[in-house]
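So the structure is just underneath, and the comments pick up after that.
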Amino acid sequence: MPHDHHHDEPHSLLPSDPALRVKALQTILVRKGLVDPAAMEAILETYETKVGPHLGARVVARAWADPAFRARLMADANAAMLELGISGRQGEHVVAVENSARQHNMVVCTLCSCYPWPLLGIPPAWYKSDAYRKRAVREPRAVLADFGVTLPEGTAVRVWDSTAEVRYLVIPERPGGTEGWDEESLATLVTRDSMIGTGFPREAGA
Amino acid sequence: MTSPAPSSFSDPWQAELFALTVALSDAGQFTWHAWTEAFGATLRRHGANRMLDGGEDYFAAWLETLETLLATSGAAPSAEAAQARAAWERAYLTTPHGQPVRPDL
């Protein structure tokens with residue numbers, strides 16, 4: 001895009017085209033009172049500093065440590081999350097799916113990029129890529145192999161397709177050698193990818 | 001994984017766009033369901049001829065979707081948006097470095 005640069009006086013660096021378009025929308029909507037700048041600030045702060053996979057990890061760790069909590073989580077994930085002070089801001093319905101020797105669970109959003117924000121934060125780029133979104137349902141084992149995940153032959157793969165209304169959280173299997181560990185230590189083993197189903201938790205002592 | 005992971009925005013405008021969209025939905029401008037339907041349709045159209053990598057191209061599709069939704073609803077008609085964009089560009093090009101940039105609208 002050609003610009004009429006004013007070389008005779010230093011000016012502020014021109015932002016990119018999309019950045020200017022976002023500013024334009026913001027200006028119009030704030031002026032019309034359709035959006036509150038303070039509400040936008042609060043959303044930014046939440047997603048940049050407060051929400052992230054560490055919250056999902058706390059949920060998984062408690063499920064590993066406390067069978068009664070695990071049962072409540074499987075029955076009604078939103079209610080169980082609330083016990084830890086985690087709530088879905090948009091009222092998304094969260095469903096927990098547990099891995100076992102018989103079944104490995106994996107989450108995708110083929111429509112766009114629906115994701116359990118309250119538990120995992122903003123999705124990584126690969127989750128939003130066509131390569132993942134288009135292949136996860138069709139050839140889940142090949143996609144898992146790309147992530148370095150290979151499953152025993154007897155383990156079935158179940159792919160869960162997220163929507164605006166339903167978001168999934170994978171409860172990976174608890175790593176061996178962690179008997180007697182407290183929740184905080186267990187949580188350090190829970191990786192983001194293990195809660196999407198494209199990875200395993202860290203090994204104890206690794 | 002005891003601290004928040006870095007967010008997946010590679011540019012500040014992506015974070016602003018995300019917050020703007022969520023705030024608009026919270027304020028009742030559109031339901032999140034309607035948003036995902038519209039966004040999914042844009043992604044399908046963009047991804048018809050090439051593979052999207054989920055980075056810059058993903059947020060480009062996001063921005064296009066929001067502009068279209070707001071133009072259709074009348075909240076931000078295209079002409080008005082183009083005018084505001086031009087005002088911002090003008091302000092950046094004419095504001096001396098170090099001074100706050102304010103569009104003349």
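In what follows, every chain begins at residue 1, and chains take the letters A, B, ... in the order their sequences are listed.
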Rounded distance (nearest 0.5 Å) linking atom CZ of Arg102(B) with atom OG1 of Thr27(A) = 11.5 Å
Identify which part of Arg58(A) has an atom lying under 4.5 Å from any heavy atom of chain B, answering side chain, backbone, both or neither.
-> neither
Could you tell me which non-hydrogen atom of Ala27(B) sits nearest to which non-hydrogen atom of Leu34(A), and how far apart they are?
-> CB-O, 3.8 Å
Of the backbone (N, CA, C, O) and the side chain (C-beta and beyond), which part of Ser16(A) lies under 4.5 Å from a heavy atom of chain B, both, or neither?
-> side chain
Under a 4.5 Å heavy-atom cut-off, does chain A meet the side chain of Gln83(B), its backbone, both or neither?
-> neither
Go through Ala87(B), Ala86(B), Ala81(B), Ala75(B) and name the one with the most non-hydrogen pairs under 4.5 angstrom from chain A.
-> Ala75(B)
Test item: Tyr92(B) and Pro15(A) side chains (from C-beta on) under 4.5 Å apart, heavy atoms | yes
List the atom of Ile28(A), the atom of Ala76(B), and the distance in Å for their closest heavy-atom pair.
-> CG2-CB, 4.0 Å
Region of Lys23(A) that comes under 4.5 Å of a non-hydrogen atom in chain B = both
Less than 4.5 Å apart, any side-chain heavy atom of Met51(B) and any of Arg133(A)?
-> no
Highest number of heavy-atom pairs under 4.5 Å with chain A: which of Pro12(B), Ala82(B), Ala84(B)?
-> Ala84(B)
How many angstroms lie between atom CZ of Arg85(B) and atom CG of Leu20(A), to the nearest 0.5 angstrom?
-> 4.5 Å
Qualifying residue for side chain to side chain contact (heavy atoms under 4.5 Å, CB included) with Val35(A), from Asp26(B), Leu24(B), Thr21(B) | Leu24(B)
Would you mind reporting whether Ser129(A) and Leu52(B) have side-chain heavy atoms less than 4.5 Å apart?
-> no
Non-hydrogen atoms of Thr36(B) and Cys114(A) that approach each other most closely | CG2-SG, 3.8 Å
Starting at CZ of Arg50(B), measure out to CG of Asp130(A) and round the result to the nearest 0.5 Å.
-> 8.5 Å
Name the region of Glu80(B), side chain, backbone, both or neither, that has any atom closer than 4.5 Å to a heavy atom of chain A.
-> both
Value rounded to 0.5 Å, distance of CD in Gln26(A) from CD in Glu16(B) = 5.0 Å
Below 4.5 Å, heavy atoms only, C-beta onward: do Gln14(B) and Val22(A) meet side chain to side chain?
-> no
Keeping the roles fixed (side chain from Lys128(A), backbone from Tyr58(B)), state whether a donor-acceptor pair exists under 3.5 Å.
-> no
Where do Ala19(B) and Met40(A) come nearest, in terms of heavy atoms and distance?
-> CB-O, 3.7 Å
Taking every heavy-atom pair that is under 4.5 Å apart, which of Thr31(B), Leu20(B), Asp11(B) has the most such pairs with chain A?
-> Leu20(B)
At what distance, to the nearest 0.5 angstrom, does CZ of Arg21(A) lie from CD of Glu67(B)?
-> 4.0 Å
Does a side-chain heavy-atom distance below 4.5 Å link Thr163(A) with His33(B)?
-> no
Separation between CG (Leu66(B)) and CG (Leu25(A)), nearest 0.5 Å, reads 5.5 Å
Proximity breakdown for Arg44(B) and chain A, heavy-atom pairs closer than 4.5 Å | side chain
Side chain, backbone, both or neither: which part of Leu43(B) has a non-hydrogen atom closer than 4.5 Å to chain A?
-> side chain
Which atom pair, heavy atoms only, marks the closest approach of Ala15(B) to Leu44(A)?
-> O-CD2, 3.4 Å
Minimal non-hydrogen separation, Phe39(B) against Ser113(A), with atom names = CE2-OG, 4.1 Å
Measure distances from Leu29(A) to the heavy atoms of chain B and classify the residue's part below 4.5 Å as side chain, backbone, both or neither.
-> side chain
